[in-house]
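Everything below concerns the one structure shown next.
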Amino acid sequence: MNWEHHLDKKYGETGSATRTEFESRAQAFVIGELLKEERSKANLTQEALAEKTGTKKSYISRIENGHADIQLSTLYKLIEQGLNRKLELYIR
């Protein structure tokens with residue numbers, strides 16, 4: 001059984017409501033992990049990052065734990081203003 005077949009069986013085929021929900025949660029997790037890793041590399045606490053970007057520590061925590069939807073503008077602010085990094089998006 002390959003990975004796609006496993007996902008189809010567990011969450012439904014691509015485009016189904018349950019599969020879309022799973023993929024959305026998976027992407028939120030990935031974004032949270034990347035933010036956490038880059039924040040750590042920058043030697044910033046959640047509180048320090050929140051102060052630099054005008055957000056709240058609790059919001060940073062929710063993002064890092066995959067429990068918050070994040071607007072693209074906020075993601076850019078966190079990465080570019082807060083972490084002094086460059087964010088690039090690709091569409092495949």
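This structure is a prediction, so every number in the text was calculated from the model and none was measured. For this chain, numbers begin at 1 and follow the sequence in order.
With values rounded to the nearest 0.5 angstrom, His5 atom NE2 is found 10.5 Å from Glu13 atom CD. The NE2 atom of His67 sits 10.5 Å away from the CZ atom of Arg25 when rounded to the nearest 0.5 Å. If you take OG on Ser61 and CG on Leu49, they are separated by 12.0 Å, rounding to the nearest 0.5 Å. Atom CD in Glu33 sits 8.0 Å away from atom CG in Asn65 (nearest 0.5 Å). Within the model, atoms OH of Tyr76 and CD of Glu88 stand 8.5 Å from one another, a figure rounded to the nearest 0.5 Å. Here the CG atom belonging to Leu35 is positioned 6.5 Å from the CD1 atom belonging to Ile63, to the nearest 0.5 angstrom.
Heavy atoms from other residues, nucleotides or ligands lying under 6.0 Å from CG of Asp69 number 12 at most.
Side chains of Thr18 and Lys10 form no contact here, defined as non-hydrogen atoms less than 4.5 Å apart. In this structure, Glu23 and Leu7 have side chains that are not in contact, with every pair of non-hydrogen atoms separated by 4.5 Å or more. Contact of the Leu78 side chain with the Ile70 side chain is registered, since non-hydrogen atoms from C-beta on lie closer than 4.5 Å. Asn84 places a side-chain heavy atom less than 4.5 Å from the side chain of Lys52.
Listed for the Lys57 side chain is no donor-acceptor partner under 3.5 Å among the backbone atoms of Glu47. A donor-acceptor pair is defined here as one N or O able to donate and one able to accept, closer than 3.5 Å; no such pair exists between the side chain of Arg85 and the backbone of Ile79.
Neither Tyr59 nor Val30 shares a network with the other; the hydrophobic side chains, linked directly or stepwise wherever heavy atoms of I, L, V, M, F, W or Y lie under 4.5 Å apart, form separate groups for each. Under a hydrophobic clustering in which Ile, Leu, Val, Met, Phe, Trp and Tyr are joined whenever their side-chain heavy atoms come within less than 4.5 Å, directly or via other members, Leu83 and Leu72 fall into the same cluster.
With sequence neighbours excluded, the residues that form a salt bridge (charged side-chain N to carboxylate O under 4.0 Å, His left out) with Lys86 are Glu80.
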